[in-house]
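Below is one structure; the comments refer to it alone.
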Amino acid sequence: MLDHTFFERDVEQVARDLIGVSIFVCDVGGAIVETEAYDPGDPAAHTFRGPTRRNASMFGPAARAYVYRSHGLHWCMNVTCGHGAGVLIRAITPDAGVAVMRARRGAVDDRLLCAGPGRLCQALGIDGRFDGLPLDQPPFTIGLREAEPTITAGPRIGISVAVELPRRFCLDGSRFLSRPAGARRPRRSA
DNA sequence: GAGGCGATTGGCT
DNA sequence: GCCAATCGCCTCG
């Protein structure tokens, strides 16, 4: 189990070190394969302009969930690192509870079950009620990674400022990324 | 108080 | 490739 000191480090390092870490919600989940780092000095971050009602949990304790609604209909989850910094979890491998994931997501290709922040939250049943919850307590379970992964860094997805900063981290060779490592535009086929 | 827009996704052309 | 869905948050007046 990762303790809070893991999350209270440089946010880019946390984002790298989360690749390969398993995350479950009520025993549904898998290994993280794609993350993005955000901090308050970053124009692309929700916390760039200081605390607001929405981003309050990002300014709270580290090692908690920051869950926000995107485009009015999707939920996305970050891991908080304290002081307005956090790591967006963009994709995991569907390892445990795949039948539950398929039921929640509808009949889709398994590669797309958790390939994207909105898809991932839908598959794990994460919504606004999870905002601010500690990650080291139920319904969450965080597992240690088994081996040192090979990681590729590249530009983040879906932002309009600070687009060139290489703050997206992907597990090399994963089939479950929201789009290929290093790419700059959303995956089209789906 | 009003208007614009988004750390997305899925469907249609 | 383009665009709608959908609504809360944020900015500005």
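Letters go in sequence order (proteins before strands), and every chain restarts at 1.
- Closest to the side chain of Leu73(A), from the set dT6(C), dG6(B), dT9(B), is dT6(C).
- Contacts of Arg105(A) with the nucleic acid, taken as non-hydrogen atoms under 4.0 Å apart, involve only primed sugar atoms and P, OP1 or OP2.
- If you take NE2 of His74(A) and P of dT8(B), they are 9 Å apart, rounded to a whole angstrom.
- Per the stacking criterion (ring centres < 5.5 Å, plane angle < 30°), Tyr38(A) stacks onto the base of dA7(B).
- Atom-to-atom, CG of Asn78(A) to P of dA7(B) comes out at 11 Å; the value is rounded to the nearest Å.
- Under the salt bridge (Lys or Arg N to Asp or Glu O under 4.0 Å) criterion, Arg145(A) pairs with Asp17(A), Glu148(A), not counting sequence neighbours.
- Rounding to whole angstrom units, CZ of residue Arg156(A) and P of dA7(B) are separated by 11 Å.
- DNA chain B is contacted by both Val108(A) and Ile159(A); Ile159(A) maps to the nucleotide lying nearer its 5′ end (nearest heavy atom per residue).
- With Phe7(A) as the aromatic partner, Arg9(A) does not meet the cation-pi criteria of under 6.0 angstrom to the ring centre and within 45 degrees of the ring axis.
- Judged purely by distance below 3.5 Å, without hydrogens or angles, the side chains of Ser174(A) and Glu34(A) never pair a donor atom with an acceptor atom.
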Expected string for nucleotides 8-13 of chain C under the B/S/- scheme (protein heavy atoms, under 4.0 Å, primed atoms plus P, OP1, OP2 as sugar-phosphate) is -SSS--
Dot-bracket line, read 5' to 3' along DNA chain B, where crossing pairs take [ ] and | marks a partner on another strand, Watson-Crick or G-U under 3.5 Å:
||||||.|||||.
